[in-house]
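Scroll down for the structure; my scribbles are underneath it.
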Amino acid sequence: MSITNLEEIRESFLEKLFMLSKEADVLNLKSDFIGKNGIVSGLLKSLKDMDPEERKSFGPKVNELKDFIQEKTSLFLNKLEVDEINEKLSHDRIDTTLTERVQVKVLKHGGYHPRTIIQQEIEDIFLSMGFDILDGPHIEDEFHNFEALNIPKDHPARDMQDTFWFHDPNSQLDVDGGGKKRLLRTHTSTIQVRGMLSRKPPFRFIAPGVVFRCERTDASHEMVFTQLEGMMVGKDISVSNLIYFMKTILREIFKKDVEVRLRPGFFPFVEPGFELDIRCLICEGRGCSVCKHIGWLELLPCGMVHPNVLKSGGIDPKEFNGFAFGLGLDRLVMMKYGIDDIRHLQSGDLRFNSQFKLY
Ligand code: PHE
């Protein structure tokens, strides 16, 4: 055995090592050289048969070769490991935009119906002016819908509002203990009665809610629509109080001063009764299709509460008076957002609904 042989072994080891790409093959190669029966181990074993002189010069060289193979193997194994990680990373890319995309999908949420947006805005304004917010049942009796509101039986005013009645004589709804006929409320004025009976003057409240009328539908009429009733009862309340409150909420809703006018209007539960019109906000009074070229839009019926209504509510009309109004919420929504057909509001069509403010 000569030094040249050792060099050949080293070179043959390196040559083979650099051809490999698997950990197991590297370990096998290592074992071929410095394993129990490996070439280098064989050389080490043969040292004992050499003469001392030869062993002295050859021994350290063989040991050095063994260390060399040992070190090269572990370096190479490290390199293979790093290569493997890099290889993985180049395939399994982390898509940093992915979370974003997933989030957008998850967070796609709905918005409030435009009517809800306006209703909440109006409720906030009235709450800030000391009004309560009341609610009442959709299914009502004749007392709350008509009689207490100064519309006695056979009064022609009952025909003003086409009513949905419950006719089934066996229905629980048709007869209610006292034999009252049931109906779907035709206006939120029913809550005037409930409000008066449940509190003592002075008081002020609003009552938003859906109402039902047996009518043909068209661009400006629906069978189910929304009103916002208002009532204020106290001492020495005047028409100018009524106008003040109306102008204030209209200014808040439309974010500008709104010109209003009162025309006489007939409703059995108010005296005097008015129709409050606003100067058309779309054409500023010049005339357009929305205001039917009149320049004014009929917005809310209102008036001073009729003494008979106060009496039905347990209030002495000699001591107290008040005003009431019935704002058409749908019409207000249509004006605020420029919607030309009331039926869109009830359609449930997401293409319509999603055009409004998202929360
Ligand atoms: N309840 C009436 C209607 O629906 C509106 C109204 C309310 C009028 C209050 C005057 C006062 O037509």
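Whatever order the structure lists ligands and atoms in, that order sets their numbers, starting from 1.
Aromatic rings from His306 and Phe269 are positioned such that their centres are separated by 6.0 Å or more. Ring centroids of Phe13 and Phe33 are separated by less than 6.0 Å, placing the two rings close together. Remark: aromatic rings of His138 and Phe164 are distant, center separation not under 6.0 Å.
The protein heavy-atom contact nearest to atom 5 (C) of ligand 1 is Pro301 CG, 3.6 Å.
At least one N or O atom of Ser189, backbone or side chain, sits closer than 3.5 Å to an N or O atom of ligand 1. Any N or O atom pair closer than 3.5 Å counts here, and His187 shares at least one such pair with ligand 1.
In this structure, Gln192 has a heavy atom closer than 4.0 Å to ligand 1. At least one heavy atom of Ala324 sits closer than 4.0 Å to an atom of ligand 1. Under the 4.0 angstrom criterion for non-hydrogen atoms, Met304 is not in contact with ligand 1.
A parallel orientation is assigned to the rings of Phe126 and Phe325, their planes being inclined by less than 30° (bins at 30° and 60°).
Close contacts between ligand 1 and Gln227 involve ligand atoms 3 (C), 4 (O) [criterion: under 4.0 Å to a heavy atom]. Atom numbering of ligand 1 starts at 1 in the shown order; those under 4.0 Å from a heavy atom of Phe267 are 8 (C), 12 (O). Near Phe269, meaning under 4.0 Å from one of its heavy atoms, ligand 1 places the atoms 1 (N), 2 (C), 6 (C), 7 (C), 8 (C), 9 (C), 10 (C), 11 (C). Heavy-atom contacts of Arg213 reach the following atoms of ligand 1: 3 (C), 4 (O), 12 (O) (cutoff under 4.0 Å).
Applying the side chain to side chain donor-acceptor pair (under 3.5 Å) definition to pairs two or more places apart or across chains, those involving residues 267-279 are Glu259-Arg279, Arg261-Asp277, Arg263-Asp277.
Taking the ring centre of Phe131 as origin, the terminal cationic atom of Arg204 falls inside the region bounded by 6.0 Å and 45° from the ring axis. Cation-pi check for Lys153 over Phe146 is not met; the charged atom does not lie both under 6.0 angstrom from the ring centroid and within 45 degrees of its normal.
Ion pairing between Glu140 and Arg194 holds under the 4.0 Å rule for side-chain N and carboxylate O.
In Phe325, the part holding a heavy atom less than 4.0 Å from any atom of ligand 1 is the backbone.
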